[in-house]
Number of protein chains: 2
Amino acid sequence: MSNMGYAGHMELHEPELREVPVTAVLAALADDVRLQIVRALAEGGEYACGTFEFGVSKATRSHHLKVLREAGLTRTRVAGTSRYVRLRREELERLYPGLLGAVLAAPARA
Amino acid sequence: MSNMGYAGHMELHEPELREVPVTAVLAALADDVRLQIVRALAEGGEYACGTFEFGVSKATRSHHLKVLREAGLTRTRVAGTSRYVRLRREELERLYPGLLGAVLAAPARA
DNA sequence: TCCAATGTTCGAGTATCGTCGAACCAACGG
DNA sequence: CCGTTGGTTCGACGATACTCGAACATTGGA
């Protein structure tokens, strides 16, 4: 036990969306892998991190999920060894109405 | 004669918006300086490049305007020694309805 | 208790981005 | 014809981003 520095049992950093610069939100969406994750999240409700297999390593996937989370776009629930991620649709829609829809409306493989 | 053919020396690269990956559009908007430019363009109609003074050199400004143009977000008209830039609102609205509004609705200095 | 499964973090490599000054070019006005 | 004006392009630099393998932490089960 007595190990600090590892965030396994610490609070996840999930900022309020309004405190995230809009450029950070846009930058979070401006990546192919993350956009695929967002598309998948927009389909249903909650997904385990491991669900996302988009041709990147799990280290990279973890990185992208962190970027999305710290941009205020997703919320993560810890359950056992798994982490369940979901899109913060309502907040997103309230602060940037139309943004998510516009992004998702774009052709998937432009 | 046509001012397009040989008015300058080079055609400006202004792609069709639908041929630009959505990630490129988002990336173009995910920069503070460019967002300021877009905000200014959204106010009125046409601005000379030199109008934009956002604390960057003219080389940097030229770079950012190029990024916006090649992302399909702006159109540029050459007139004499000046270049007039305007936002491609209609096309943008048609392809990504709500996107521009959502971005512009964001607080200017988040 | 030991091991497998799920994620995170670290370190490093590569690539891309934002920025600038300097050089350049094309167009206009004496 | 020459200089000025408005912009672009060319290196170069530092910073950031994406990617991976390896090592680690936490949980849960055999």
Side-chain angles (χ1 to χ4, degrees), chain A residues 1-14 21 23-38 46-71 73-86, chain B residues 1 3-14 21 23-38 46-71 74-86:
Chain A
M1 23 185 173
S2 75
N3 181 308
M4 294 300 128
Y6 184 72
H9 61 295
M10 290 171 52
E11 294 288 331
L12 291 176
H13 182 212
E14 290 182 349
T23 48
V25 174
L26 293 169
L29 295 170
D31 176 274
D32 265 317
V33 176
R34 287 194 294 268
L35 205 45
Q36 289 183 69
I37 294 176
V38 169
E46 225 176 21
Y47 288 80
C49 297
T51 315
F52 309 111
E53 273 301 335
F54 296 122
V56 295
S57 72
K58 62 178 182 173
T60 301
R61 160 170 39 93
S62 191
H63 161 71
H64 285 309
L65 288 171
K66 181 178 181 181
V67 171
L68 288 173
R69 174 164 36 85
E70 296 192 335
L73 293 175
T74 60
R75 211 172 281 280
T76 302
R77 179 173 64 87
V78 180
T81 69
S82 295
R83 281 154 126 88
Y84 293 92
V85 183
R86 65 184 190 280
Chain B
M1 25 178 113
N3 62 343
M4 296 274 303
Y6 217 89
H9 58 302
M10 217 179 61
E11 297 284 333
L12 290 177
H13 183 211
E14 290 183 348
T23 48
V25 175
L26 293 169
L29 294 170
D31 176 274
D32 266 318
V33 176
R34 288 196 292 268
L35 206 46
Q36 288 184 70
I37 295 177
V38 168
E46 226 177 20
Y47 288 80
C49 296
T51 315
F52 309 112
E53 274 301 336
F54 296 121
V56 295
S57 72
K58 62 178 180 173
T60 300
R61 160 170 40 92
S62 191
H63 161 70
H64 285 309
L65 288 170
K66 182 179 183 181
V67 171
L68 288 174
R69 173 162 38 82
E70 296 192 335
T74 60
R75 213 173 278 283
T76 302
R77 181 174 62 91
V78 180
T81 68
S82 294
R83 283 154 127 86
Y84 294 91
V85 183
R86 66 184 189 282

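Side chains included, hydrogens not; waters and symmetry mates left out as well; all remaining heavy atoms used. Proteins come first, then strands; the chains are lettered A, B, ... in the order of their sequence lines, and each starts at number 1.
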*Phosphate contact (C:dG7 OP1 or OP2) by A:S82 side-chain N/O below 4.0 Å*: yes
*Identify whether any heavy atom of A:V67 sits under 4.0 Å from a base atom; if not, whether one sits that close to sugar-phosphate; answer base, sugar-phosphate or nothing.*
nothing
_Quick one, B:I37 and B:L65 - any side-chain contact, counting heavy atoms below 4.5 Å?_
yes
*Between A:G80 and A:V33, name the one whose nearest nucleotide on DNA chain D is closer to the 5' end.*
A:V33
_Applying the side chain to side chain contact (heavy atoms under 4.5 Å, CB included) criterion to B:L68, which one of B:V38, B:T76, B:D31 satisfies it?_
B:V38
*asked:* Does D:dC18 have its OP1 or OP2 closer than 4.0 Å to a side-chain nitrogen or oxygen of A:R34?
replied: yes
*asked:* Need one value for B:A48: base, sugar-phosphate or nothing, where a base atom within 4.0 Å counts as base even if backbone is also close, heavy atoms only.
replied: sugar-phosphate
*Specify the closest pair of heavy atoms between A:A28 and A:A71, including all atoms of both residues, with the distance to one decimal.*
CB-CB, 3.6 Å
*asked:* Can you tell me if B:S57 touches the phosphate of C:dC20, counting only side-chain N or O atoms and a distance under 4.0 Å to OP1 or OP2?
replied: yes
*Please check the phosphate of C:dT19 (OP1 and OP2 only) for any side-chain N or O of B:H64 closer than 4.0 Å.*
yes
*Starting at CZ of A:R61 and ending at P of C:dT6, how long is that distance when rounded to a whole Å?*
9 Å
*asked:* Please report the distance, rounded to the nearest Å, between CZ in A:F52 and P in D:dC18.
replied: 17 Å
_Length of the line joining A:H63:NE2 and D:dT16:C1', which is rounded to integer Å_ = 10 Å
*Name the one of B:H64, B:R61, B:Q36 that satisfies side chain to side chain contact (heavy atoms under 4.5 Å, CB included) with B:F54?*
B:Q36
*How long is the line joining CD1 of A:I37 and P of C:dG7, in whole Å?*
12 Å
_Distance in angstrom units between B:Y84 OH and C:dA27 C1', rounded_ = 13 Å
*Just to confirm, is there a sub-4.0 Å distance from OP1 or OP2 of C:dT8 to any side-chain nitrogen or oxygen of A:R83?*
yes
*Return no unless some side-chain N or O of B:T81 is found under 4.0 Å from OP1 or OP2 of C:dA27.*
no
*B:E70 has an atom CD; how far is it from atom C1' of C:dC17, in whole Å?*
14 Å
*Find out whether B:T23 and A:L35 are in side-chain contact, i.e. whether some heavy atom of one side chain is under 4.5 Å from a heavy atom of the other.*
yes
*May I ask you to say what B:T60 touches in the nucleic acid, namely base, sugar-phosphate or nothing, with a heavy-atom cut-off under 4.0 Å?*
base
*For B:E53 and D:dG6, give me the distance from atom CD to atom P, rounded to whole Å.*
11 Å
*asked:* Measuring from the side chain of B:S62 (C-beta onward, heavy atoms only), which nucleotide among D:dT9, D:dC18, C:dT9 has the closest atom?
replied: D:dT9
*For the pair made of OH in B:Y47 and P in D:dG7, what is the distance, rounded to whole Å?*
15 Å
*Compare the minimum distances between each of C:dT8, D:dT19, D:dG7 and the side chain of A:K58, then state the nucleotide with the smallest one.*
C:dT8
